[in-house]
Amino acid sequence: MGPGFCIREAKKEDNLQVKGFIELVDNDFYPPLSKRGGGIPERIKKCLDTPDANFLVASLMGRDRPDPPEEFIGMVGYTRNWKSDDSAYINFLATHPEHRNAGVSKALCLRLEEELVEQDVKTIYLCTWSGNPAAIKFYERLGYYSYTVVLNDRGIGIDTIYYKKKV
């Protein structure tokens, strides 16, 4: 839990809220998630309908509003057993634009690490792109280190940077 928000695992019933959140932040990714193979629906299906994957979602506490549905202010997606039985891959991380710099992404990542360690995960992998200095700094502050860079992977001058962390 962070200041003013709570974190929980997403459920299949959260499909519409998960979709709405990813659509909200879609253009923050390069290329946008909607333009990648399978688009947003495939990304959601791989996380909500697969036993080794899910999202942790953050929502504001103290909201007595049944309508509209619970609004997510942050979300991290992950897949266990990625490279081996004791590894996981973070496939999505974003914070709602109105709630950035409030510790939401950090709280989500730290909570995810705790949960994965309880499931005997030893290494967590993720990637970002060279044109995203805020993410690079964020992941490095959390103890992730770059182990591979694929040059021009997302276009000329836009490299994909792969990170990992032993937990």
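Side chains are part of it too, since the values below use all heavy atoms of this structure and drop only hydrogens, waters and symmetry mates. All values derive from a computational prediction rather than experimental measurement.
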Q. Would K166 and D86 pass as an ion pair if we require N to O under 4.0 Å?
A. no
Going by the rule salt bridge (charged side-chain N to carboxylate O under 4.0 Å, His left out), which residues pair with [X] if we only count those two or more places apart in sequence or in a different chain?
X	result
D159	none
R36	none
R43	none
K35	none

Rounded at 0.5 Å granularity, tell me how far [atom1] in [X] sits from [atom2] in [Y].
X	Y	atom1	atom2	result
C127	I161	SG	CD1	9.5 Å
H96	S105	NE2	OG	12.5 Å
L112	I124	CG	CD1	5.5 Å
I136	S130	CD1	OG	6.5 Å
N101	H99	CG	NE2	12.5 Å
L110	E115	CG	CD	12.0 Å

(Q) Exactly one of D14, L33, D49, I22 should register a side chain to side chain contact (heavy atoms under 4.5 Å, CB included) with I44. Which one does? (A) I22
Q | T50: partners by side chain to side chain contact (heavy atoms under 4.5 Å, CB included), with sequence neighbours left out | A | A53
**Q.** Y125: which of Y162, Y89, W82 passes ring-ring contact (aromatic ring centres under 6.0 Å, His included)
**A.** W82
Q. Parallel, tilted or perpendicular: which fits the ring planes of F21 and F92, with parallel below 30° and perpendicular above 60°?
A. perpendicular
Show the nearest heavy-atom pair for residues [X] and [Y], with the distance to one decimal.
X	Y	result
N54	A10	ND2-O, 3.1 Å
P97	L24	CD-CD2, 3.7 Å
I73	F5	CD1-CB, 3.7 Å
V25	A94	CG2-CB, 3.7 Å
Y30	I158	CE2-CD1, 3.3 Å
L48	K12	O-CE, 3.4 Å

Q. Is V121 linked to I7 within one hydrophobic cluster, defined over Ile, Leu, Val, Met, Phe, Trp and Tyr using a side-chain heavy-atom separation of less than 4.5 Å?
A. yes
Side chains of [X] and [Y], donor plus acceptor under 3.5 Å:
X	Y	value
T79	N91	yes
T123	S87	no
T160	R154	yes

(Q) If you count heavy atoms of other groups shown closer than 6.0 angstrom to NZ of K45, is the number above 12? (A) no
(Q) More than 12 heavy atoms of other residues, nucleotides or ligands under 6.0 Å from NZ of K106: yes or no? (A) no
Q) Do L93 and M75 pass the side chain to side chain contact (heavy atoms under 4.5 Å, CB included) test, and can you show the C-alpha distance, the side-chain angles, and the key distance before you say yes or no? A) CA-CA 6 Å; L93 176 65; M75 198 164 72; over 6 Å; no
Q: Evaluate the criterion side chain to side chain contact (heavy atoms under 4.5 Å, CB included) for residue pair L116 and Y78; output intermediate values, then yes/no.
A: CA-CA 10 Å; L116 291 173; Y78 63 95; 4.2 Å; yes
Check whether any side-chain N or O of [X] sits under 3.5 Å from a backbone N or O of [Y] as a donor-acceptor pair, and report yes or no.
X	Y	result
N81	A88	no
R100	T95	yes
N152	G157	yes
D26	S34	yes

Q: Could you walk me through whether Q17 and E71 pass the side chain to side chain contact (heavy atoms under 4.5 Å, CB included) test, one step at a time?
A: CA-CA 7 Å; Q17 291 96 316; E71 181 182 12; over 6 Å; no
Just list the side-chain donor-acceptor pairs under 3.5 Å for residues 137-151, sequence neighbours left out, or say none.
from : atom 1 : to   : atom 2 : distance (Å)
E140 : OE2    : Y163 : OH     : 3.1
Y144 : OH     : E113 : OE2    : 3.3

Q: Taking the side chain as every heavy atom from C-beta outward, state whether E9 and L56 have any pair of such atoms under 4.5 Å apart.
A: yes
Q: Apply the test side chain to side chain contact (heavy atoms under 4.5 Å, CB included) to residues F55 and V18: give CA-CA distance (whole Å), side-chain angles for both, the deciding distance (0.1 Å), then the verdict.
A: CA-CA 9 Å; F55 294 100; V18 167; 3.7 Å; yes
